[in-house]
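Computation of the quantities below employed the complete heavy-atom set of this structure, encompassing side-chain atoms and omitting hydrogens, waters and symmetry-equivalent molecules. Remember, it's 1-based here, ligands and their atoms both numbered in the order they're listed.
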Amino acid sequence: MTMLIAGQLLAFTADPFTVPPEDAARHETRGAVAVADGRIIATGTRGAMQARFPDATLRDHGDALILPGFVDAHMHYPQTAIIASWGKRLIDWLNSYTFPEEARFGDPAYARRIADRTLDLARAHGTTSLASYCTIHPASVDAIFEAAAARGMAVWAGKTCMDRNAPDDLRDTAQSAYDDSRALLDRWHGAGRARYAITPRFSPTSTPDQLSALGALWAEHPDCLMQTHLSEQTDEIAWVRDLFPDARDYLDTYEAHGVLGERGLYGHAIHLEPREIDRLRETGAALVHCPTSNTFIGSGLFDMGLADTHRVGLATDTGGGSNFSMLRTMAAAYEVAQLRGRALHPAQLLWLATEGSARALHAADEIGTLAEGSAADLVILDLASTPVIAQRHARAETLWEAVFPTIIMGDDRAIAETYVAGQPSG
Ligand code: GUN
Ligand code: ZN
């Protein structure tokens, strides 16, 4: 059974950080995506698609914009209920809000409730895939993968490992982190659309032994992603220096223990040394920019110039991040880049939120593009979703002018529909 999803189409043909952004996309004002068995089988003009698939059912979204569903490359589903907690910077914020909330995930029923809530919120904001940290509790990993399977969503997740500088009820050991992570990886990695991500929280909460144990696990499963945090706040970096006196820099605390590699995702990566920048480029590791978090917790201004040379994804970092919306996240990325003297093009912002994040997850053959064979994970954007956006959109003379007001001022009201593996939400 073939379905045609019709609307304006925007499909990237190249990375807009390596070619002029306006040359990086194909635009069809009257386009359609043909979908069968949950996958994209063709895209083109609506007329061409109707001629080729005359028996297909039509879902007509008028002049709304069809994009690949947003990909949130770094978030913490266990922090959904503490999003927008007031007044702290990173370490105090973890101790005051995050750790007490994560302790509640010792109750599997609570974990499942928040996992369901998180994925429903993500999807309502146009996000069809995400990479999430869980908590120390293995059942918190089962909860997010079960919730994702119930919705058909491709999700990356892993047990967050911590064996020091965390409350008693949130600490594991080097050995139990290895054993639990391995058992979860065996259970979930590649089960349906689930993918396991090995997850040491960050160097301050892992001993060298724990980092080495997780590095060994990664070496045994090199097709897995590894996700962690890097150089988010200056106090944190000073603490890492004290905890790892022999390390050349923060990245070296990972590198020395086998936790640096091409399939590594390094959240934040704001205050980097030249050596770290070089090593991240040489290894092909991904930096994940979390701009609403970086302004909300007061971390600093990510250097988007790195996207010209490095693999960079975009993410909400919920609940350090202040919003579920990748539109709001793109707006914050635009503002942060402006504060560093660079105006990101709308093509670059949309690419980061889709294909860029998918490439960071090494999954651009499945998500983040409108290529044939990709999963039919789509977001349909109403480009005139509020009065102020509509009046600005009415003045637009180009596609990029038409979409930029939604990037800057849009939120979940702009999400006309999402499709996950070809299934609409409503
Ligand atoms: N660094 C270590 N853990 C966290 C976390 O949960 N959120 C953020 N923003 N930074 C972290
Ligand atoms: Zn984070």
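Checking Asp317 against the Zn ion (ligand 2), an N/O/S atom falls under the 2.8 Å cut-off. Not one N, O or S atom of Cys290 sits under 2.8 Å from the Zn ion (ligand 2). Residue contacts to the Zn ion (ligand 2): His268 brings no N, O or S atom closer than 2.8 Å.
Under the 6.0 Å cut-off for aromatic ring centres, His27 and Phe12 do not qualify, their centroids lying 6.0 Å or more apart. Residues Tyr77 and Phe105 place their aromatic rings such that the two centres sit under 6.0 Å apart. Taking the six-membered ring for Trp, His229 and His74 have ring centres closer than 6.0 Å. Taking the six-membered ring for Trp and the full ring otherwise, the centers of Trp188 and Tyr196 sit at least 6.0 Å from each other.
Residue Ile114 holds its CD1 atom at 15.5 Å from NE2 of His76, rounded to the nearest 0.5 Å.
Angle subtended at the Zn ion (ligand 2) by His229 NE2 and His76 NE2: 100°, rounded to 10 degrees.
Taking 4.5 Å as the limit, some side-chain heavy atom of Val33 sits within range of a side-chain heavy atom of Ile40.
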- Message: Set out, in order, the CA-CA distance, both residues' side-chain angles and the distance that settles side-chain contact (heavy atoms from CB on, under 4.5 Å) for Arg193 and Met153, then state yes or no.
- Response: CA-CA 7 Å; Arg193 302 190 74 189; Met153 291 172 74; 5.7 Å; no

Pick out the protein N or O atoms lying less than 3.5 Å from any N or O of ligand 1, and list each pair with its distance.
{"residue": "ligand 1", "atom": "3 (N)", "partner": "Arg201", "partner atom": "NE", "Å": "2.8"}
{"residue": "ligand 1", "atom": "6 (O)", "partner": "Gln79", "partner atom": "NE2", "Å": "2.9"}
{"residue": "ligand 1", "atom": "6 (O)", "partner": "Arg201", "partner atom": "NH2", "Å": "2.8"}
{"residue": "ligand 1", "atom": "9 (N)", "partner": "Glu232", "partner atom": "OE2", "Å": "2.9"}
{"residue": "ligand 1", "atom": "9 (N)", "partner": "Asp317", "partner atom": "OD2", "Å": "2.7"}
{"residue": "ligand 1", "atom": "10 (N)", "partner": "Glu232", "partner atom": "OE1", "Å": "2.7"}
{"residue": "ligand 1", "atom": "10 (N)", "partner": "Glu232", "partner atom": "OE2", "Å": "3.4"}

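Gln423 and Tyr419 are not linked by any side-chain donor-acceptor pair at a separation below 3.5 angstrom, with hydrogens and angles left out of the test.
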